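Below you'll find the structure, written out as structure tokens, and then a few comments.
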Amino acid sequence: MTGGPKDGETEEEFLHSPFIRKQGNIYKPNNKDMDNDSLNEKTMEDLHTKEIDLVNRDPKRVNDDVVKVDFEDVIAEPAGTYSFDGVWKASFTTFTVTKYWCYRLLTALVGIPLALIWGIFFAILSFIHIWAVVPCVKSYLIEIHCVSRVYSICVHTFCDPLFEAMGKCFSSIRISMTKEV
């Protein structure tokens with residue numbers, strides 16, 4: 001049995017179907033009802049081969065807060081102090097084209113090496129987080145649980161009776177306010 005389409009479904013929905021063996025899913029070998037579960041799963045996405053969007057290059061809006069500089073943001077002539085129209089158009093074109101090509105040249109020269117460096121950096125960061133930070137935090141939480149139980153017992157043993165007695169003593173105090181005229 002393979003992860004093919006059910007009746008009424010197209011072949012396109014199951015381009016990357018999960019691997020199923022006769023005993024069940026390779027990740028759940030003891031699961032006998034795997035056949036029904038796997039057919040209900042949608043296609044699995046491979047993050048390394050997904051298609052990138054060449055039109056919308058910031059779909060998660062990561063750089064919305066980054067300064068976006070246009071000609072009008074940098075150079076502006078107040079009313080009554082205008083240069084020649086030709087100079088204004090040439091300045092606009094020079095600024096825009098220079099910014100565009102300088103950015104493209106810098107990304108061509110430095111973009112791939114920086115992508116390599118950032119890829120290595122985030123791989124190391126992920127590795128440290130997955131294999132060091134989370135296990136240390138989990139270990140700490142397990143170890144501190146014993147201490148918290150002992151602390152809780154001590155508080156309930158010594159502090160609860162004291163504060164309960166103080167509450168009973170102070171519960172009979174009544175405050176009344178009278179207004180003097």
Side-chain angles (χ1 to χ4, degrees), residues 1-9 12-69 107 110-181:
M1 161 142 255
T2 62
K6 289 199 281 187
D7 293 334
E9 294 180 340
E12 295 172 9
E13 293 180 22
F14 288 94
L15 290 178
H16 303 287
S17 62
F19 177 78
I20 302 170
R21 59 184 182 175
K22 192 171 184 176
Q23 294 87 3
N25 188 332
I26 60 171
Y27 301 109
K28 302 176 199 172
N30 296 327
N31 187 1
K32 300 299 181 192
D33 296 325
M34 181 48 215
D35 293 336
N36 293 335
D37 293 340
S38 67
L39 292 177
N40 292 334
E41 292 178 4
K42 293 294 179 190
T43 59
M44 295 171 21
E45 293 183 23
D46 185 9
L47 297 176
H48 305 296
T49 59
K50 71 177 184 178
E51 291 186 25
I52 60 171
D53 187 0
L54 294 177
V55 176
N56 182 12
R57 296 189 183 191
D58 191 7
K60 295 183 180 180
R61 306 213 180 273
V62 173
N63 290 315
D64 274 354
D65 56 339
V66 175
V67 178
K68 296 175 183 157
V69 180
T107 56
V110 185
I112 293 175
L114 280 177
L116 177 69
I117 291 169
W118 284 116
I120 292 170
F121 173 77
F122 282 109
I124 292 170
L125 190 64
S126 298
F127 175 81
I128 290 171
H129 184 77
I130 291 167
W131 292 98
V133 174
V134 172
C136 285
V137 169
K138 293 288 185 184
S139 172
Y140 173 76
L141 291 174
I142 291 170
E143 293 165 3
I144 202 70
H145 185 70
C146 295
V147 174
S148 72
R149 300 269 318 247
V150 170
Y151 178 76
S152 175
I153 290 170
C154 290
V155 166
H156 289 304
T157 303
F158 300 111
C159 295
D160 284 358
L162 173 68
F163 290 123
E164 190 175 328
M166 289 174 56
K168 286 183 179 180
C169 289
F170 293 126
S171 67
S172 60
I173 297 176
R174 302 280 182 241
I175 298 175
S176 61
M177 296 181 62
T178 58
K179 194 183 247 186
E180 290 185 28
V181 181

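Not measured: the values here are computed from a predicted model.
By the side-chain contact (heavy atoms from CB on, under 4.5 Å) test, Ile142 pairs with no residue at all, sequence neighbours left out. Not counting sequence neighbours, Phe158 has no partner by the ring pair (Phe, Tyr, Trp, His ring centres under 6.0 Å) test. Ser139 pairs by the side chain to side chain donor-acceptor pair (under 3.5 Å) definition with Glu143, not counting sequence neighbours. The side-chain contact (heavy atoms from CB on, under 4.5 Å) test applied to Leu116 returns Ile120, not counting sequence neighbours. Scored by the side-chain contact (heavy atoms from CB on, under 4.5 Å) test, Val147 finds Ile144 as partners (sequence neighbours excluded). Taking Phe163 as the reference, Cys159, Met166 meet the side-chain contact (heavy atoms from CB on, under 4.5 Å) condition, with sequence neighbours excluded. Remark: Asp58 pairs with no residue by the side chain to side chain donor-acceptor pair (under 3.5 Å) rule, at least two apart or across chains.
For the side-chain hydrogen bond (donor to acceptor under 3.5 Å, both in side chains) condition, no pair includes a residue of residues 172-181, sequence neighbours left out. Evaluation of the side-chain hydrogen bond (donor to acceptor under 3.5 Å, both in side chains) test over residues 119-138, restricted to residues two or more places apart or in two chains, returns none. The stretch residues 157-166 participates, sequence neighbours left out, in these side-chain hydrogen bond (donor to acceptor under 3.5 Å, both in side chains) pairs: His156-Asp160.
Other residues, nucleotides and ligands contribute only 12 or fewer heavy atoms inside 6.0 Å of the CD1 atom of Ile112. Atom CD1 of Ile173 sits in a crowded spot, with more than 12 heavy atoms from other residues, nucleotides or ligands closer than 6.0 Å.
One finds the OG atom of Ser152 at 8.0 Å from the CZ atom of Arg149 (value rounded to the nearest 0.5 Å).
In plain terms, the two heavy atoms of Val134 and Ile130 that are nearest each other are CB-O, 4.4 Å.
A side-chain donor-acceptor contact under 3.5 Å links Ser148 to the backbone of His145.
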